[in-house]
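Heavy-atom basis, side chains included; hydrogens, waters and symmetry copies ignored. Numbering of residues begins at 1 and proceeds along the displayed sequence.
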Amino acid sequence: MPQTKFLLPESDIPTHWYNVVADMPNRPAPPLGPDGKPLTPDALSAIFPMSLIEQEVSAERWIEIPDKVRELYQLWRPTPLFRAHRLEASLGTPCKIYYKFEGVSPAGSHKVNTSIAQAYYNAKAGIKRIATETGAGQWGSSMALAGQMFGLEVRVYMVKVSYHQKPYRRSMMQTWGAEVFASPSEMTQVGRRALEENPDNQGSLGLAISEAVEEAASRADTNYALGSVLNHVLLHQTVIGLEAKKQFALAEDYPDMIFAPCGGGSNFGGAAFPFFADKAAGKNVRLVAVEPTSCPTLTRGHYAYDYGDTAKLTPMTLMYTLGHDFMPPGIHAGGLRYHGDSALVSQLYHEKLLEAVAVPQLATFAAGVRFARAEGIIPAPESSHAIAAAIDEALRCKETGEAKTLFINLSGHGHFDMGAYDSYFSGKLQDFAYPEEEIKAALERLPKVSL
Ligand SMILES: *Cc1c(COP(=O)(O)O)cnc(C)c1O
């Protein structure tokens, strides 16, 4: 087999993040405060440092990456780009398939690309503590690591169902010095209220966000950090796509289609946006966000103003949403269970500049296993969504004889998800399509916003 791996030297770690806002045909819709008026940057300063707020609202195309952040990126960046020769052969497809592996980071996923940056800016602003939430544990462990690197205390509200399902993610956060509480917890008003209503509440990402935001807003030494969705988070993740472009140049190739799993949209935006810059300049490249049929935010959600959390403590943003009180079914791609989506991804999708597909759970595990058997790497269940969609395309091309170049963002490894693989092998996993009535009902509960 020919060379399958495209490596860059450390000097090729990007020096700047790419801000897609500069190339969007329309300015992003503003987030709204509780009074229904566009939010002022100051309103966010209780929970975010000014440097990140500036990035959140910036329209500058390039934003410099601080040296200290680039130094820490060297722990795992540049990440490798592989040509999936063996997967191609197993599919018998005329397509070329490439994947970039973000699972080589210490926490095992792309999320450290932003946690390191967020910890840096918070420490620089004199903040001592970070309160955050985590669903499956990927973000919590990334933030725990970053906090440790910059001397910040980290408190993590972990969705209760995952807290019990994934004890080793918890141990990982503790190893890096973070405190972890099952959410809903007794630590916050929001948590206590939820437990009063239902002592068995298994938690949701929306609820855990409310707990972390409540804590950050009530303490001057504490800020909040979010692992996806926000503009500055997607900005930090663009190191993925920027490196990938250089690696495709090394491979003397260019993708026709890019597939990335989509939860809040950060790894999708990070991988796809640098290619969007080419698309905006006239190049033909299709950018495909892949989500679960059980949490079909882009493919079946409402494009509307909604809150980012259950208790409505966050601003309202114009996004695709299943409703801020969405209670996710217990699927195993924990990182893809958020009710909303990045405002930038949502707007570009609404303008038909991005695409989205939803994949059922069993198909994603079948794809993940097929990938592991061909390429060796065991993907995170989230990443397997992108693999499943790329395999579907490769098999379609087999019928039509088209030889496309497909690029998968392999956002993380699945070493902490073997319980989910176990359930798959023992036939316990099921497909779940989110019911249409629930989607309709959520519409009723969206905030009424008149613009
Ligand atoms: C969190 C996570 C995702 C999804 O989150 P995005 O915000 O959409 O990037 C995908 N893959 C892995 C491995 C994750 O940890």
Side-chain angles (χ1 to χ4, degrees), residues 20-21 24-48 52-59 133 190 193-194 204-214 216-217 224 226 228-234 262-266 269 289 291 295-328 337-354 356 434-451:
V20 75
V21 173
M24 286 169 67
N26 296 298
R27 295 291 300 232
L32 305 179
D35 57 357
K37 300 226 165 68
L39 205 67
T40 57
D42 274 353
L44 296 170
S45 62
I47 59 169
F48 293 114
L52 289 177
I53 297 172
E54 278 162 15
Q55 292 181 3
E56 190 62 23
V57 299
S58 171
E133 75 293 326
V190 172
R193 208 182 311 137
S204 70
L205 213 45
L207 191 52
I209 293 176
S210 298
E211 289 206 86
V213 169
E214 181 188 318
Y224 170 69
L226 187 61
S228 186
V229 179
L230 297 178
N231 301 356
H232 67 267
V233 180
L234 274 70
C262 192
S266 79
E291 60 185 17
C295 184
T297 319
L298 289 172
T299 50
R300 293 173 62 206
H302 307 287
Y303 189 54
Y305 269 98
D306 198 7
Y307 298 97
D309 70 320
T310 309
K312 311 180 191 176
L313 300 179
T314 66
M316 294 175 269
T317 45
L318 183 57
M319 62 179 175
Y320 280 87
T321 177
L322 296 169
H324 54 273
D325 50 3
F326 170 73
M327 268 296 174
R337 282 188 298 208
Y338 186 58
H339 68 275
D341 234 307
S342 140
L344 298 178
V345 168
S346 293
Q347 183 164 323
L348 289 170
Y349 176 67
H350 195 66
E351 292 170 352
K352 304 208 171 357
L353 296 166
L354 309 174
Y434 196 62
E436 190 58 33
E437 311 85 75
E438 294 284 337
I439 294 176
K440 285 217 184 87
L443 191 58
E444 304 290 305
R445 297 189 297 271
L446 291 175
K448 309 280 174 276
V449 170
S450 52
L451 283 182

Looking only at heavy atoms, what is the nearest atom pair of I209 and Y338, with distance? CD1-CE1, 3.7 Å
Is there a ring-ring contact (aromatic ring centres under 6.0 Å, His included) between Y307 and H324? Walk through the geometry before answering. CA-CA 6 Å; Y307 298 97; H324 54 273; 5.4 Å; yes
Would you please test Y434 and F326 for ring-ring contact (aromatic ring centres under 6.0 Å, His included) and show each step? CA-CA 11 Å; Y434 196 62; F326 170 73; 5.0 Å; yes
Minimum heavy-atom separation for L318 to S346, with atom names? O-CB, 4.4 Å
Would a 4.5 Å heavy-atom cut-off, applied to side chains only, mark S58 and V21 as touching? no
Short side-chain to backbone donor-acceptor contact, Q347 and N26, under 3.5 Å: yes
Any L322 side-chain heavy atom under 4.5 Å of C295 side chain: yes
Look up atom CD in E214 and atom CG in L313, then write down how far apart they are to the nearest 0.5 Å. 7.0 Å
Here the pair of heavy atoms bringing G206 nearest to T310 is C-OG1, 3.0 Å
Before you tell me yes or no, could you show the steps for L230 and F48 under side chain to side chain contact (heavy atoms under 4.5 Å, CB included), namely the whole-Å CA-CA distance, both residues' side-chain angles and the distance that decides it to 0.1 Å? CA-CA 12 Å; L230 297 178; F48 293 114; 3.7 Å; yes
Of all heavy-atom pairs linking L207 and A194, the shortest is CD2-CB, 4.0 Å
May I ask you to test the L52-E56 pair for a side-chain heavy-atom distance under 4.5 Å? no
Go through the steps to decide whether E133 and Y224 satisfy the test side chain to side chain donor-acceptor pair (under 3.5 Å), and finish with yes or no. CA-CA 9 Å; E133 75 293 326; Y224 170 69; 2.8 Å; yes
Return the minimal non-hydrogen interatomic distance between P31 and T317, and the atom names on each side. CB-CG2, 3.7 Å
Run D309 and T314 through side chain to side chain donor-acceptor pair (under 3.5 Å) and show every step you take. CA-CA 6 Å; D309 70 320; T314 66; 3.2 Å; yes
Least distance between heavy atoms, L39 atom then G33 atom: CD1-CA, 3.5 Å
V20 and L234: side chain to side chain contact (heavy atoms under 4.5 Å, CB included), yes or no, with the steps? CA-CA 9 Å; V20 75; L234 274 70; over 6 Å; no
Mind running side chain to side chain contact (heavy atoms under 4.5 Å, CB included) on H232 and E54 for me, showing each step along the way? CA-CA 9 Å; H232 67 267; E54 278 162 15; over 6 Å; no
If I take atom NE2 from residue H302 and atom OH from residue Y320, how far apart are they, to the nearest 0.5 angstrom? 11.5 Å
Quick one: CE on M316 to NZ on K448, what's the gap to the nearest 0.5 Å? 11.5 Å
Is there side-chain contact between P25 and L348, with at least one heavy-atom pair below 4.5 Å? yes
Looking at side-chain heavy atoms only, is the closest gap between R337 and L205 below 4.5 Å? no
Go through the steps for Q55 and N231 under the test side chain to side chain donor-acceptor pair (under 3.5 Å), then give the verdict. CA-CA 8 Å; Q55 292 181 3; N231 301 356; over 6 Å; no
Are M319 and H339 close enough that some pair of their side-chain heavy atoms sits under 4.5 Å apart? yes
For the residue pair L298 and V345, establish whether any side-chain heavy-atom pair is separated by less than 4.5 Å. yes
For residues L32 and P38, determine if any side-chain heavy atom of one lies less than 4.5 Å from a side-chain heavy atom of the other. yes
Does D341 form a side chain to side chain contact (heavy atoms under 4.5 Å, CB included) with C262? I'd like the steps, not just the answer. CA-CA 8 Å; D341 234 307; C262 192; 3.5 Å; yes
